[in-house]
Amino acid sequence: MGSEQLQVLNALDVAKTQWYHFTAIVIAGMGFFTDAYDLFCISLVTKLLGRIYYHVEGSPTPGTLPPQVSASVNGVAFVGTLTGQLFFGWLGDKMGRKQVYGMTLMLMVLCSVASGLSFGNNAKSVMATLCFFRFWLGFGIGGDYPLSATIMSEYANKKTRGAFIAAVFAMQGVGILTGGMVAIIVATAFKDRFPAPAYAVDPVASTVPEADYVWRMILMFGSVPAGLTYYWRTKMPETARYTALVAKDAKRAAADMSKVLHVEVEEEQEKVEQITGAQANAFGLFSMEFLRRHGVHLLGTTTCWFLLDIAFYSQNLFQKDIFSAIGWIPKPATMNALEEVFRIAKAQTLIALCGTVPGYWFTVALIDVMGRFVIQFVGFLMMTLFMLGLAIPYYHWITKGNQIGFIVMYAFTFFFANFGPNSTTFIVPAEIFPARLRSTCHGISAASGKLGAIVGSFGFLYLAQNQDPAKTDHGYPAGIGVRNSLFLLAACNFLGLLCTLLVPESKGKSLEEMSGENEGDEPNSHNQAHNSLSMPSEYSSWFKVVALCIGLPH
């Protein structure tokens, strides 16, 4: 027979929603708010950086960042994030979630400020220091992914755990929205105070010297919300699951959760030692036992996140064409530098408000009703269909008068990414792995996603270029074109749909039930359904119908 659940963990699983749940959501969520703000705000100011530091005398168009510089400025934070996810994910299992949590936040605060300072007065020095500090900013952001997800999953009750983790992740949408709003406010204030002619009228005067403060202020604002929550992060108690199942300190786990839950929790040191000492709970990440129990699950979480982020981050490539086509962003030469920042921020804020933010909160509302599997499967399916809906009649959509339809389809792909795999790929890795490996496995899954983001952002930046070399963006070689890129992204989404079959359903189950940590040393005692590659039973009939419709083997 397997061991009984520890009382302290059972108390967490069955606890009613209380104030400490909301406190944990706010503390973890503000970290994610900062993560999203810092990662996405750079896209609001890259055009401005080009005008300020790469102006070409006599050019009919404003200066732009050279391809290599643009790739470095936009991508170095992704590289830092990937590295931070792996490092802090591992460290969170070694040192504890709470101890590492404060480190990541302080790193984010310091590097947000330093990114805005970016020492020097010429293009080379400014870009070099900007890239240096954005790498370390990304490193801190990377740590926030596995730690926030793991802390929230280990604090939550099993009935609403999905909604709580999703609420933390949903703050990413609020961070993106806030980035646009901050840019709008700063750009408006400066362009009203320092009026300037359009570039076509006076190329030099169109970029006022004070514009150099605008991008710095936008980047540095990211330190404010992170700094405000640092004190509360240091005051959070360590999660009982780490304290009991990894640190093996039943007394501290019971004391910490007694304060949090306002109930008396019994110390069970003997039972803790029995569970943690069992041979079945002693395997490491690079063991055959881990491969047998969780290898397929880790393959599922990493591939799904990788494929999702290719599609999710590459979608930004088409924004400039959409915004230009409908007149939200006029041609650069018809605007001054601050007007361009304002227009870009306004357009991205509208997209976030209409397509990005609602999807996150639909997930919060429905994930513990529909389950993770259905939301992820349907999300990938709808993203595939909408990508094909953009690609097949692509030349119809770009014809004058049809652009609004393109925008609607484009917004729906964002909606179903967020009410779909963009949320569930963050949630599931925090629920299905053992406590001693939970943060590490989430970090590996998240790092796989960031690798997909790098492929999506930069691979498709080149692939989506026009097939005619004369019509490519300045400095880029010919690519396969936007239409063919959309077909390729639809294929990525469809592969993500197939890889979803590798991930188990965790709705309504305790973390120990999913990981098998309460089971004894008997070889067949762990939950066989957990290790099965078949569909969750409650969805098998539904899946067979879908499989028949799309031609999958069932």
Side-chain angles (χ1 to χ4, degrees), residues 2-3 5-6 9 12 82-101 104 142-156 158 161 165 238-249 253 272-305 372 425-449 502-504 506 509-521 525-527 530-531:
S3 306
Q5 174 77 308
L6 288 170
L9 305 187
L12 284 166
L82 186 156
T83 311
Q85 286 163 338
L86 293 172
F87 177 73
F88 285 114
W90 167 79
L91 201 63
D93 285 332
K94 294 298 179 185
M95 294 179 60
R97 289 65 160 123
K98 175 192 171 180
Q99 194 167 348
V100 181
Y101 212 27
T104 62
D144 229 45
Y145 274 74
L147 293 169
S148 290
T150 300
I151 285 171
M152 200 64 246
S153 72
E154 293 182 346
Y155 265 115
K158 63 183 179 181
R161 185 178 63 238
I165 305 173
E238 181 58 88
T239 70
R241 285 181 161 91
Y242 180 85
T243 306
L245 298 177
V246 183
K248 305 177 186 179
D249 188 342
V272 164
E273 290 174 2
Q274 176 189 341
I275 292 172
T276 56
Q279 189 176 352
N281 288 331
F283 59 86
L285 181 65
F286 301 105
S287 66
M288 290 304 297
E289 184 66 11
F290 177 87
L291 186 65
R292 184 175 72 86
R293 290 196 178 199
H294 301 290
V296 170
H297 302 152
L298 186 59
L299 177 64
T301 58
T302 52
T303 53
C304 287
W305 208 333
R372 287 73 163 147
T425 51
F426 176 79
I427 295 165
V428 174
E431 299 181 307
I432 63 176
F433 298 107
R436 67 187 181 281
L437 300 171
R438 185 169 291 134
S439 180
T440 301
C441 290
H442 193 286
I444 293 169
S445 302
S448 176
L502 304 175
V503 182
S506 50
K509 299 174 182 177
S510 74
L511 299 180
E512 289 67 46
E513 187 179 355
M514 289 304 303
S515 65
E517 285 170 285
N518 276 352
E519 309 302 335
D521 283 330
S525 66
H526 60 275
N527 189 339
H530 167 63
N531 290 284

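Here OG1 of T150 is found 11.0 Å from CG of L437. Values are rounded to the nearest 0.5 Å. F433 CZ to H297 NE2: the interatomic distance, rounded to the nearest 0.5 Å, is 7.5 Å. To the nearest 0.5 angstrom, T440 atom OG1 is 7.0 Å from K94 atom NZ. Annotation: the span from F87 atom CZ to T83 atom OG1 amounts to 11.0 Å, rounded to 0.5 Å. Interatomic distance, CG of D93 versus CG of L147, reported as 9.0 Å (0.5 Å rounding).
Nearest approach of W305 to P429, heavy atoms of both residues: CZ3-CG, 4.3 Å. Listed here is the closest heavy atom pair of R438 and A430: CD-O, 3.2 Å. Of all heavy-atom pairs spanning L502 and G300, the tightest one is CB-CA, 3.8 Å. Of all heavy-atom pairs between S439 and G89, the closest is OG-O, 2.9 Å. Closest non-hydrogen pair, F290 versus C441, comes out as CZ-SG, 3.8 Å. Scanning all heavy atoms of the two residues, the minimum distance from R241 to E512 falls at NE-OE2, 2.8 Å.
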When you look at F283 and R292, which way does the side-chain contact (heavy atoms from CB on, under 4.5 Å) test go after all the steps? CA-CA 11 Å; F283 59 86; R292 184 175 72 86; over 6 Å; no
Between L245 and L6, does a side-chain contact (heavy atoms from CB on, under 4.5 Å) hold up when you go through it step by step? CA-CA 10 Å; L245 298 177; L6 288 170; 4.0 Å; yes
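No donor-acceptor pair closer than 3.5 Å links the side chain of S445 to the backbone N or O of T301. With E238 contributing its side chain and R97 its backbone, the two residues share a donor-acceptor pair below 3.5 Å. For D249 (side chain) and T243 (main-chain N/O), no donor-acceptor pair under 3.5 Å exists by modelled atom type. Remark: the backbone N or O of Y101 is paired with a side-chain donor or acceptor of T104 at under 3.5 angstrom.
Annotation: side chain of L511 is not in contact with side chain of M514 (no heavy-atom distance under 4.5 Å).
Judged as a side chain to side chain contact (heavy atoms under 4.5 Å, CB included), and not counting sequence neighbours, the contacts of A447 are L82, Q85, L86. With sequence neighbours excluded, the residues forming a ring-ring contact (aromatic ring centres under 6.0 Å, His included) with F426 are F32, F169, H442, listed by chain and number.
With E431 as reference, R372 is the one residue of K509, R372, K158 to meet the side chain to side chain donor-acceptor pair (under 3.5 Å) rule.
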